[in-house]
Structure formats: C-alpha cells, structure tokens
2 protein chains.
Amino acid sequence: MTLSITDFPAPTQGDDCRMVREILDLVGDKWTLYIIATLKDGPVRFNELRRRIDGISQRMLTINLRGLERDGLVKRTLFPTIPPRVDYELTEVGRTLLAPVMALVRWASSNLENIRDARVRYDAS
Amino acid sequence: MTLSITDFPAPTQGDDCRMVREILDLVGDKWTLYIIATLKDGPVRFNELRRRIDGISQRMLTINLRGLERDGLVKRTLFPTIPPRVDYELTEVGRTLLAPVMALVRWASSNLENIRDARVRYDAS
DNA sequence: CCGTATCCATGCCGATACTG
DNA sequence: CAGTATCGGCATGGATACGG
C-alpha cells in the first residue's frame with residue numbers, strides 16, 4: 001500500500017473512495033497504527049517508542065515518524081541536550097484519528113472470527 | 001472481546017492493533033475498497049466490475065474478488081451458460097463493513113485538506 | 001465472458017553498519 | 001540517544017498472452 005492519490009486516474013467511483021484510500025495510505029502501512037496507539041497517552045521518547053513497539057526497526061520508526069510529522073499528526077520536540085532527547089506526541093488532529101479507527105476496532109471485534117472461519121471453510125474446499 | 005483502543009497495554013500493544021491491522025490487510029490494498037463500493041447496490045458481473053473500476057486489470061480484479069470471497073465478504077454466483085456469466089455481490093457481513101469505512105470517509109472529509117496543507121508546509125521547510 | 005500463467009518493474013521493509 | 005546510509009529480499013501489482 002504505497003499509493004498516492006495521483007495514482008488513481010479518471011474518476012468513476014466518486015470522491016469518497018479516493019479520500020478513504022488516502023487515509024488508508026496514511027494508516028494502512030505496517031507500523032503507523034502502532035505508533036499512533038503508543039502515543040495516545042502523551043509524549044514518548046524515540047527509544048522508548050522503539051522498545052514499546054515490538055519488532056520495529058530504528059529505520060522504520062524514523063521513517064514513519066517523519067511521515068506522521070509531515071502530515072501534522074505527530075509533533076516532534078527536540079531538546080538539544082547531550083545526549084539529545086526527542087519527544088514525540090500526537091497533535092490534536094492526530095488524536096481525532098483515533099475515533100474512526102475505533103469504528104474499525106469494533107467491526108474487527110465483531111467479525112474477525114467469522115472471517116477466519118470463512119477462510120478455513122474456503123481453503124478446505 | 002470487548003477491548004477498546006484506549007486500553008492498549010504497553011509493551012505488547014494489546015489485541016486491538018493486531019485486529020485492526022488484520023482488517024487493514026483486508027481493505028488496505030489498492031483495489032478492494034473500490035470493489036466493495038462498486039458492489040454496494042447489488043450484484044455486478046465480472047466485466048461490468050472491470051469497466052466500472054477504472055484502471056483495474058483483469059488479473060487484479062480476479063485476485064481481489066477471490067480474497068473477498070474467501071473472507072466471506074463477497075458471494076460469487078456462476079451461471080453455467082455459454083458464454084458463462086458470473087455475478088458478484090456483497091454478503092451480509094460484507095455490507096456491514098461499509099459502516100466503519102464511512103467513519104473513515106467522514107474523518108477524511110474533515111481532515112484531508114489540513115493534511116495536504118501540512119505536507120506543503122513541511123516540504124517547504 | 002471469465003478467467004490463468006508468466007514475466008517483470010516498483011518499492012516496502014529488515015539487517016547491518018556508521019555518525020553527532 | 002537519536003538518528004542516517006546502504007544493500008538486498010520479498011511481496012504487490014501491471015502487461016501480456018493464452019485457455020475453457
């Protein structure tokens with residue numbers, strides 16, 4: 001999922017789908033959702049994020065944080081001490097994203113078991 | 001399973017994120033959302049889907065429809081005529097997915113412009 | 001009409017090594 | 001502590017050709 005909205009040519013599907021796709025491009029990658037969730041309670045330092053998000057590499061954490069900062073969803077604060085310290089926290093906009101994600105959480109809770117069962121049935125036949 | 005995203009325990013991230021990620025793996029690819037949207041009003045034949053979803057290849061349409069069928073979100077009906085005819089339609093489960101997606105639509109409508117502006121500002125600096 | 005099969009470009013992401 | 005740089009594997013998806 002590495003698409004920009006410009007990858008979608010002539011509109012026949014209405015604007016809704018393209019907007020949602022742009023949001024999915026924001027949160028649909030492997031790590032962004034974990035980062036947002038980990039920042040929900042307030043500022044967290046870089047290596048603390050790294051520790052809390054199991055399996056993420058330094059490289060991917062940096063890349064995703066830069067993207068979120070660029071989109072205005074995360075605020076980066078540098079304390080020019082030695083050694084340096086950097087805090088990351090959700091912006092107001094970033095926090096509002098939690099609500100629609102919650103809707104997906106609820107849907108997932110209700111339907112994930114059915115989907116897994118459906119897969120087993122399908123693969124068996 | 002009544003988890004809320006606000007219950008995320010560090011350091012394992014809880015189950016919510018993994019569930020949402022599984023849903024994002026369902027709808028987060030390039031075409032699935034368009035397919036679901038195109039099927040929202042009732043059964044559509046294969047080549048009609050192909051025509052309505054601008055830019056999709058035969059290959060990707062087939063692959064995504066198979067995935068949705070496997071997950072129990074889309075029902076495939078073969079009419080063994082000559083030439084053959086195949087109808088695709090959302091299942092009951094598939095239709096319920098439209099609601100949480102709509103929540104993302106609303107968030108996108110409210111915030112996409114801000115995000116684009118934020119990107120422009122970030123890239124300028 | 002409704003697919004499958006094959007080749008291949010693109011780019012995400014992990015691993016590793018190196019700076020201020 | 002908080003990054004950056006580079007390499008390479010691997011999955012996604014487009015183009016094309018062929019089959020039932």
Side-chain angles (χ1 to χ4, degrees), chain A residues 1-10 13 17-18 21-22 24-35 38-39 43-71 74-89 122 125, chain B residues 17-18 21-22 24-35 38-39 43-71 74-89 122:
Chain A
M1 203 156 40
T2 324
L3 303 168
S4 88
I5 195 139
T6 54
D7 293 328
F8 290 96
Q13 288 298 321
C17 254
R18 266 180 296 281
R21 278 241 35 84
E22 227 179 308
L24 287 177
D25 292 339
L26 286 184
V27 301
D29 60 71
K30 186 167 180 179
W31 297 110
T32 295
L33 215 58
Y34 289 101
I35 296 175
T38 308
L39 291 177
V44 182
R45 297 181 61 171
F46 184 85
N47 274 334
E48 178 64 20
L49 271 173
R50 193 150 135 66
R51 272 187 297 273
R52 288 206 212 160
I53 301 173
D54 192 59
I56 195 170
S57 67
Q58 195 170 33
R59 170 191 145 88
M60 290 316 296
L61 182 54
T62 301
I63 289 176
N64 283 303
L65 284 171
R66 286 291 175 278
L68 287 168
E69 189 194 1
R70 185 173 104 105
D71 292 338
V74 160
K75 177 158 162 284
R76 178 180 185 271
T77 309
L78 166 68
F79 301 90
T81 56
I82 298 178
R85 165 184 170 175
V86 181
D87 278 4
Y88 291 93
E89 60 186 317
Y122 185 93
S125 60
Chain B
C17 256
R18 267 181 293 281
R21 278 241 35 85
E22 235 181 298
L24 289 177
D25 291 339
L26 287 185
V27 301
D29 60 71
K30 187 168 178 179
W31 298 110
T32 294
L33 214 58
Y34 287 102
I35 295 174
T38 308
L39 292 177
V44 182
R45 295 182 62 173
F46 184 85
N47 274 334
E48 178 64 19
L49 271 173
R50 194 151 134 65
R51 273 187 295 274
R52 288 206 213 162
I53 302 174
D54 192 60
I56 195 170
S57 66
Q58 194 169 34
R59 171 190 142 90
M60 290 315 297
L61 182 54
T62 300
I63 289 175
N64 284 302
L65 283 171
R66 286 291 175 279
L68 288 168
E69 190 194 358
R70 186 173 104 105
D71 293 338
V74 159
K75 177 160 162 281
R76 178 180 186 270
T77 308
L78 167 68
F79 301 90
T81 57
I82 298 178
R85 164 185 170 175
V86 181
D87 278 5
Y88 291 93
E89 60 186 317
Y122 185 93

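Quick caveat: nothing in here was measured; it's all calculated off a predicted structure. We use all heavy atoms of the structure for the numbers below, so side chains are in, but hydrogens, waters and symmetry mates are not. Chain A is the first sequence line, chain B the second, and so forth, proteins listed ahead of strands; every chain is numbered from 1.
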A.B. asks: Can you check the Arg59(B) CZ to dT12(D) P distance for me, whole Å?
C.D. replies: 10 Å
A.B. asks: Between dG20(C) atom P and Leu78(A) atom CG, what is the distance in whole Å?
C.D. replies: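 Distance check: Leu78(A) CG to dG20(C) P gives 16 Å.
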A.B. asks: Between dC1(D), dG13(D), dC2(C), which nucleotide has the shortest distance from any of its atoms to the side chain of Phe46(B)?
C.D. replies: dC2(C)
A.B. asks: If you check the Gln58(B) side chain, which of dC2(C), dC1(D), dG14(D) turns out closest?
C.D. replies: dC2(C)
A.B. asks: Dump the intermediate steps for side-chain contact (heavy atoms from CB on, under 4.5 Å) on Leu65(B) and Phe46(B), then the final yes or no.
C.D. replies: CA-CA 9 Å; Leu65(B) 283 171; Phe46(B) 184 85; 4.0 Å; yes
A.B. asks: Does Asp29(B) use its side chain to pair, donor to acceptor, with the backbone of Thr32(B) at less than 3.5 Å?
C.D. replies: yes
A.B. asks: To the nearest angstrom, how far is Asn64(B) atom CG from dT12(D) atom P?
C.D. replies: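 So the two atoms are 10 Å apart, to the nearest Å.
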A.B. asks: For Pro84(A) and Gly55(A), find the nucleotide of DNA chain C closest to each by heavy atoms; which residue's nucleotide sits nearer the 5' end?
C.D. replies: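 Here Gly55(A) is the residue nearer the 5' end.
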A.B. asks: Which nucleotide in the set dG14(D), dC13(C), dC2(C) lies at the smallest distance from any side-chain heavy atom of Met60(A)?
C.D. replies: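 Taking heavy atoms from C-beta onward, the closest nucleotide is dC13(C).
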A.B. asks: Heavy atoms from C-beta onward define the side chain here; which of dT4(D), dC1(D), dC2(C) lies closest to that of Asn47(A)?
C.D. replies: dC1(D)
A.B. asks: Rounding to a whole Å, what distance do you find between Glu69(A):CD and dG3(D):C1'?
C.D. replies: 13 Å
A.B. asks: Round to a whole Å and report the spacing from CD1 of Ile82(B) to C1' of dG3(C).
C.D. replies: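 Rounded to the whole Å, the gap is 15 Å.
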A.B. asks: OP1 or OP2 of dG3(D) less than 4.0 angstrom from a side-chain nitrogen or oxygen of Tyr88(A), does that happen here?
C.D. replies: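 Checking dG3(D) against Tyr88(A), a side-chain N or O does come within under 4.0 Å of OP1 or OP2.
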A.B. asks: In whole angstrom, what separates Ile63(B)'s CD1 from dA15(D)'s C1'?
C.D. replies: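 My rounded result for the distance is 13 Å.
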A.B. asks: Return the nearest nucleotide to the side chain of Arg45(B); candidates are dG3(C), dG3(D), dC1(C).
C.D. replies: dC1(C)
A.B. asks: Does Arg66(B) place a side-chain N or O at less than 4.0 Å from the phosphate oxygens OP1/OP2 of dT4(C)?
C.D. replies: yes
A.B. asks: As a test of understanding, state which of Thr77(B), Val86(B), Asp87(B) forms a side-chain contact (heavy atoms from CB on, under 4.5 Å) with Arg45(B).
C.D. replies: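 Passing option: Asp87(B).
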A.B. asks: Can you tell me if Arg50(B) touches the phosphate of dC2(C), counting only side-chain N or O atoms and a distance under 4.0 Å to OP1 or OP2?
C.D. replies: no
A.B. asks: Output the rounded distance in Å from CH2 (Trp31(B)) to P (dG13(D)).
C.D. replies: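 Roughly 9 Å, once rounded to whole Å.
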A.B. asks: Measure from CD on Glu48(B) to P on dG3(C) and round the result to the nearest Å.
C.D. replies: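 From Glu48(B) CD to dG3(C) P: 15 Å.
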A.B. asks: Checking side-chain hydrogen bond (donor to acceptor under 3.5 Å, both in side chains) between Tyr88(B) and each of Glu48(B), Arg76(B), Glu69(B), which is the one that passes?
C.D. replies: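 Running side-chain hydrogen bond (donor to acceptor under 3.5 Å, both in side chains) over Glu48(B), Arg76(B), Glu69(B) with Tyr88(B) returns exactly one hit, Arg76(B).
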A.B. asks: Verify side-chain contact (heavy atoms from CB on, under 4.5 Å) between Leu26(A) and Glu22(A), making sure each step is shown before the conclusion.
C.D. replies: CA-CA 6 Å; Leu26(A) 286 184; Glu22(A) 227 179 308; over 6 Å; no
